[in-house]
There are 2 protein chains.
Amino acid sequence: MRLLIVEDEQRLALSLARGLRAEGYAVDVVHDGLEGLHRAGEGAYDLVLLDIMLPGMNGYRVCATLRAAGNEVPILMLTAKDGEYDEAEGLDTGADDYLTKPFSYVVLVARVKALLRRRGRSAAPVLRVGALAVDQGARRVERDGTEVALTAKEFAVLEQLALRAGEVVSKAEILEHVWDFAYDGDVNIIEVYVSALRRKLGAGHIVTVRGAGYRLVAGA
Amino acid sequence: MRLLIVEDEQRLALSLARGLRAEGYAVDVVHDGLEGLHRAGEGAYDLVLLDIMLPGMNGYRVCATLRAAGNEVPILMLTAKDGEYDEAEGLDTGADDYLTKPFSYVVLVARVKALLRRRGRSAAPVLRVGALAVDQGARRVERDGTEVALTAKEFAVLEQLALRAGEVVSKAEILEHVWDFAYDGDVNIIEVYVSALRRKLGAGHIVTVRGAGYRLVAGA
DNA sequence: CCTCCACGATCAACAGGCGCATGGACGAAG
DNA sequence: CTTCGTCCATGCGCCTGTTGATCGTGGAGG
């Protein structure tokens, strides 16, 4: 994990750098706004600690410029509550969090860790089968990167097949997991949904295994 | 954010509940250790305030039992410094923090916020989803840099969605985290608040996923 | 190779449910 | 007393789940 500190107060910058290095981070320090903008723009950092009062270019503008350029690096603003700048103003420019000076060192480390953790928590369970991507969390399905609109039941059926991709899933098992256990209707209902899925996803994904059930395959 | 207070002193419990509700939290109160254990075990709470001297089962055992069951809900112990119990003992049993009675109300709120921030799913106070910035600490929301005035409940609902941005959050889950257990009304209430949020934030942020819930998306 | 049968696919139509919006009741706070 | 936030009830519109009928298809047996 590599951090960039943009802070013109020498003592504060050095003390922060030392502390964060002790936490195991690689830390670079610059003292000028413009310099900070260039460094952060390189894309080599996992997080930027950005002071507001800076020579060259102030922190707000650095942050806003980065965001305008599409740079999404996590930014933790260090604001001084001296009345000149509003503490919440950092929100406007696209910072992910802000700390008001003076702050405790423990709090800073906690925030840094929190931001880094947040960034990396994209462990969403997405099932991939061939050209299909089934996002369980978002309840979305994509084929070749384009979203396919499914209804709740359609999604539920596809989800069952995707959870056991390649295996044959019997209609009884699908009924069991997708429908209420009290359901006593016709098994034909599954055929109806498989049909709808084929229409929306295109043929070739769901293979019929006569007398056994269905199988979701990778083939186009 | 939903909190559980396990405290047998009626006056203290009620005064805490009132104060925390004023901070925008949904608060449930129980007066018995066993009852508290069961409630906390449901997994619907974001934090538990746990007194030590309790009828039914004392706070240490409640805490230890929860932890033994793999429950990781943040626990703030309320210890009475009367010599009988050691204040550090609470930490041994798996509590995340402890407060010694009598404590100031301000300190309590600060600790609660700190714990929620530290242990919460997303530890950073500013949640960004597309053009929206949800500041958990300040309970403020901005869209494209301009503040949007929300009521407490509106904010709480949006906060839940923002905490799991991109994922589908069911109405049941929203109810669980935003409303008290004393609430037994209609699910329609959530639709009312989503409607209000859409009016204030503009359409396109909160997407309805029929039969599943709502999803907060980055798109305009 | 043809026929028949059983299983599966698809379609159209209907009814109920789900979500949305609105107006107003109730209570708390100023 | 007024105002605001919260909550409830109602009606409406559209989507969705389900059904039954009809058509297609694969396999076994003659």
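Residue numbers begin at 1 in each chain, while the letters A, B, ... track the order of the sequences. Everything numeric here is computed off the predicted structure, so don't read it as measured data.
Comparing Y193(A) and Y193(B) by the nucleotide of DNA chain D that holds the closest heavy atom to each, the one mapping nearer the 5' end is Y193(B). Mapping G213(B) and K171(A) onto DNA chain C via the closest heavy atom, the residue that lands nearer the 5' end is K171(A). The 5' end of DNA chain D is approached more closely, in terms of each residue's nearest nucleotide, by G185(B) than by the other of G185(B) and R210(B).
R198(B) comes within contact range of the sugar-phosphate backbone alone, with a heavy-atom separation under 4.0 Å but no base atom that close. Heavy atoms of F155(B) sit nowhere under 4.0 angstrom from any nucleic acid atom. Across all strands shown, A196(A) has no heavy atoms under 4.0 Å from either base or sugar-phosphate atoms. Nucleic acid contact class of V192(B) (heavy atoms, under 4.0 Å, all strands): base.
Across the protein-nucleic acid pair, K200(A) atom NZ and dC15(D) atom P stand 12 Å apart, rounded to whole Å. To the nearest angstrom, C1' of dT19(D) lies 15 Å from NZ of K153(A). Rounded to a whole Å, the CD atom of E154(B) is 9 Å from the C1' atom of dG5(D). What separates CD1 of I189(B) from P of dC7(D) is a distance of 5 Å, to the nearest Å. For the pair E191(A) CD and dG24(D) C1', the computed distance is 13 Å after rounding to whole Å.
Contact check for L49(B) versus E7(B): no side-chain heavy atoms found under the 4.5 Å cut-off. For the pair V178(A) and Y193(A), the minimum side-chain heavy-atom distance is 4.5 Å or more. Looking only at side-chain heavy atoms (C-beta outward), V134(B) and L163(B) stay at 4.5 Å or farther from each other. Within the 4.5 Å cutoff, the side chain of L116(A) has no heavy atoms near those of the R111(A) side chain.
Closest to the N188(A) side chain, of the nucleotides dT19(D), dG5(D), dC7(D), is dT19(D). In the set dT6(D), dT18(D), dT16(D), the nucleotide with an atom closest to the side chain of A152(B) is dT6(D). For Y183(B), counting side-chain heavy atoms from C-beta on, the closest listed nucleotide (dG26(D), dG5(D), dC8(D)) is dC8(D).
E154(A) and T151(A) make their closest contact through OE1-N, 2.9 Å (heavy atoms, listed as atom of the first residue, atom of the second, distance). For the pair E191(B) and K171(B), the tightest heavy-atom approach, listed with the atom from each and the gap, is OE2-NZ, 2.7 Å.
Proximity of T151(A) to the phosphate of dC15(D): no side-chain N or O atom is located under 4.0 Å from OP1 or OP2. Put simply, W179(A) has a side-chain N or O that comes within less than 4.0 Å of OP1 or OP2 on dT18(D).
No hydrogens or angles considered: a donor-acceptor pair under 3.5 Å links the side chains of E159(B) and Q136(B).
Read 5' to 3', the first and last nucleotides of DNA chain C with an atom closer than 4.0 Å to a heavy atom of chain B are dG17(C) to dT22(C).
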